[in-house]
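First up is the structure itself, then whatever we jot down about it.
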Amino acid sequence: MRLAFTVTQKQRLIELDAEEAITGLVFNSEEERDSFFKNINRELVHKNRERLETLRHQRMRPAVREMEQLLVKTLNEAGFIEITTPTTMSGGMLARMGITGEHPLYQQVYWLDKNTCLRPMLAPNLYAMLGRLEKLWPDPVRIFEVGQCFRKESKGSRHLSEFTMLNLVEMGFEGDPRQRLKELTCLVMDTTGLLYSLEAENSEVYGDTVDVIVQGMEIASGATGPHSLDSAWNITKSWAGLGFGIERLVMAREGFKNIRRVGRSLMYLDGARLNI
Ligand code: ATP
Ligand code: MG
């Protein structure tokens, strides 16, 4: 007889972030299985409790917020100014990004009313702010925002419906925008300490983009201008910008298999399950 874990047991193991090698195990008898489950459950509960203890006694901020803090410091030191823009957005702002009707991202938007949504990205607000600050500040203008974004997602372990984006952009510099994009990627990724690679991609919003990949997972997408979208925002200068998912960065750093552990939650705190 080859017995797998029961549905409830498997569910519990996934909640506690057990390795796939464990959740897929098969046993010769119920007794063997249940006794193994009991032990592994105890071990994982212990791990989760330990994580909560280090939060309470040492770190005091969830890893997602620590990561954000670290990156904000790096960006400030590199001359990037933090901006804070509204979490709600008008449909017109999305339309100026080319996100309308049949666009895949449009299908993922949470609408609050006919013309107001929860922002699925920060880029439209950054574009708008660049256009204004460009008239007030000397070149290059360097800004970034860290904030919640919302998308209706059907995909599993790497997607949250509410996540934290860090979007930075530099505009009005001398030289090759692609090279600058690489340098900015390096600035952020060196701070995280994660090994990464770059992959040319074709994005639904930006056309040609560069994705930052860590452990086979997209962590960020970057783009450069002059770009076909620029004219809608009265932007004429060259720019380089990148949007990072903070939860994905933490997921990769901690080796978590499911992003839900680090998302905003009432059931997880800083990667630890609370019904333990
Ligand atoms: P994916 O292809 O993985 O769905 P994307 O290309 O749609 O991501 P972008 O619009 O490029 O995502 O957003 C920039 C970054 O924001 C992504 O690289 C990722 O790190 C993060 N991100 C995007 N959507 C989500 C989500 N639903 N949950 C968590 N992080 C996300
Ligand atoms: Mg992308």
Should Glu77 and Lys73 be marked as a salt bridge (Lys or Arg N to Asp or Glu O under 4.0 Å) after you check the CA-CA gap, both sets of side-chain angles, and the distance that decides it? CA-CA 6 Å; Glu77 284 169 4; Lys73 185 165 175 281; 3.3 Å; yes

Show the numbers, then the answer: is there a side chain to side chain contact (heavy atoms under 4.5 Å, CB included) between Asp270 and Arg59? CA-CA 10 Å; Asp270 186 38; Arg59 306 201 339 271; 2.3 Å; yes

Steps toward side chain to side chain contact (heavy atoms under 4.5 Å, CB included) verdict (Arg42, Lys38): CA-CA 6 Å; Arg42 192 184 312 120; Lys38 213 171 131 195; 4.3 Å; yes

Please report the C-alpha distance between Leu52 and Leu274 in whole Å, then the side-chain angles of each, then the deciding distance to 0.1 Å, and finally whether the side chain to side chain contact (heavy atoms under 4.5 Å, CB included) criterion is met. CA-CA 9 Å; Leu52 273 183; Leu274 296 180; 3.9 Å; yes

Report the C-alpha distance between Glu68 and Thr164 in whole Å, list the side-chain angles of each, state the deciding distance to 0.1 Å, and finish with yes or no for side chain to side chain donor-acceptor pair (under 3.5 Å). CA-CA 9 Å; Glu68 175 184 328; Thr164 318; 5.8 Å; no

Please evaluate residues Ser221 and Asp211 with respect to the criterion side chain to side chain donor-acceptor pair (under 3.5 Å), reporting the C-alpha separation (whole Å), side-chain torsions for both, the decisive distance (0.1 Å), and the verdict. CA-CA 4 Å; Ser221 282; Asp211 280 359; 2.6 Å; yes

Intermediate values then yes/no, side chain to side chain contact (heavy atoms under 4.5 Å, CB included), Val141 and Glu170: CA-CA 6 Å; Val141 175; Glu170 178 172 315; over 6 Å; no

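The backbone N or O of Ala232 lies less than 3.5 Å from a partner atom in the side chain of Arg96, making a donor-acceptor pair. In this structure a side-chain-to-backbone donor-acceptor pair under 3.5 Å is missing from Arg158 to Met217. Put simply, the side chain of Asn76 gets close to the backbone of Phe80: a donor and an acceptor are under 3.5 Å apart. Checking side-chain atoms of Arg119 against main-chain N and O of Pro86 turns up a donor-acceptor pair under 3.5 Å. Without hydrogens or angle criteria, Gln215 side chain to Ala252 main chain gives a donor-acceptor distance under 3.5 Å. A donor-acceptor pair under 3.5 Å links the side-chain atoms of Thr23 to the main chain of Glu20, judged by distance alone.
For the salt bridge (charged side-chain N to carboxylate O under 4.0 Å, His left out) criterion with Glu15, the lone passing option out of Arg260, Arg273, Lys257 is Arg273.
Cluster annotation: Leu136 is connected to Val169 through the hydrophobic network of ILVMFWY side chains, with a link wherever side-chain heavy atoms come within less than 4.5 Å. Criterion: ILVMFWY side-chain heavy atoms under 4.5 Å apart, direct or through other members. Under it, Leu105 and Met89 are part of a common hydrophobic cluster. One hydrophobic cluster, built from ILVMFWY side chains closer than 4.5 Å, cannot hold both Val250 and Tyr268; they sit in different ones. Leu16 is connected to Ile22 through a chain of hydrophobic side-chain contacts under 4.5 Å among Ile, Leu, Val, Met, Phe, Trp and Tyr, so both are in one cluster. When hydrophobic clusters are built by joining Ile, Leu, Val, Met, Phe, Trp and Tyr residues whose side-chain heavy atoms come closer than 4.5 Å, directly or via intermediates, Ile213 is not grouped with Leu166.
Between Val72 and Val146 there is a side-chain heavy-atom pair separated by less than 4.5 Å. Contact of the His227 side chain with the Trp239 side chain is registered, since non-hydrogen atoms from C-beta on lie closer than 4.5 Å. Contact of the Thr185 side chain with the Tyr196 side chain is registered, since non-hydrogen atoms from C-beta on lie closer than 4.5 Å. Looking only at side-chain heavy atoms (C-beta outward), Pro124 and Trp233 come within less than 4.5 Å of each other. Taking the side chain as every heavy atom from C-beta outward, Phe144 and Glu82 approach each other to under 4.5 Å. A 4.5 Å side-chain heavy-atom check between Arg33 and Thr6 finds at least one atom pair inside the cut-off. Contact annotation: the side chain of Glu153 never approaches that of Leu160 to less than 4.5 Å [non-hydrogen atoms, C-beta and beyond]. Looking at Trp137 and Ile81, their side chains come closer than 4.5 Å, going by heavy atoms from C-beta outward.
One distance of note links OG of Ser238 with CZ of Phe173; it measures 4.5 Å at 0.5 Å rounding. For the atom pair CD1 (Ile143) and CG (Leu168), the distance works out to 9.5 Å, reported to the nearest 0.5 Å. Put simply, CD on Gln108 and SG on Cys117 are 12.5 Å apart, with the number rounded to the nearest 0.5 Å. Here the straight-line distance linking atom CE of Met251 with atom OG of Ser157 works out to 5.0 Å at 0.5 Å rounding. Interatomic distance, OG of Ser35 versus CD of Glu30, reported as 12.5 Å (0.5 Å rounding). Note that CG of Leu44 and CZ of Phe37 are 9.0 Å apart. Values are rounded to the nearest 0.5 Å.
By the 4.0 Å N-to-carboxylate-O rule, Lys47 lies too far from Glu43 to be salt-bridged with it. Glu66 has no carboxylate O lying under 4.0 Å from a charged side-chain N of Arg61, or vice versa, which leaves the two without a salt bridge. At a threshold of 4.0 Å, the pair Arg261-Glu254 does not count as salt-bridged, since none of the basic side-chain nitrogens sits closer than that to a carboxylate oxygen.
Residue Arg56 places its CZ atom among 12 or fewer non-hydrogen atoms of other residues, nucleotides or ligands, all under 6.0 Å distant. Atom CG of Leu112 has more than 12 neighbouring heavy atoms from other residues, nucleotides or ligands inside a 6.0 Å radius. Around NZ of Lys152, the count of heavy atoms belonging to other residues, nucleotides or ligands within 6.0 Å exceeds 12.
The aromatic ring centroids of Phe27 and Phe5 lie less than 6.0 Å from each other.
Under the 3.5 Å distance criterion, with hydrogens and angles disregarded, a donor-acceptor pair is assigned to the side chains of Glu145 and Thr85. Under 3.5 Å, the side chains of His46 and Arg51 contain no donor-acceptor pair of N or O atoms.
Pairing each heavy atom of Leu242 with each of Val212, the nearest pair is CD2-CG2, 4.2 Å. Across every non-hydrogen atom of Gly92 and Asn115, the tightest pair is N-OD1, 4.0 Å. Taking each heavy atom of Met121 and Ile99 in turn, the nearest pair found is SD-CD1, 3.5 Å. Across all their heavy atoms, Gly101 and Gln107 have their closest contact at O-NE2, 2.7 Å. Nearest approach of Gly147 to Leu122, heavy atoms of both residues: N-CD1, 4.2 Å. Nearest heavy-atom pair, Pro62 versus Leu55, reported as atom, atom and distance to 0.1 Å: N-CD1, 3.8 Å.
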Identify all side-chain donor-acceptor contacts of residues 127-135 below 3.5 Å with residues at least two apart in sequence or on another chain.
unit_1: Tyr127; atom_1: OH; unit_2: Asp230; atom_2: OD1; d: 2.6
unit_1: Glu134; atom_1: OE2; unit_2: Lys237; atom_2: NZ; d: 3.0
unit_1: Lys135; atom_1: NZ; unit_2: Gly131; atom_2: O; d: 3.2

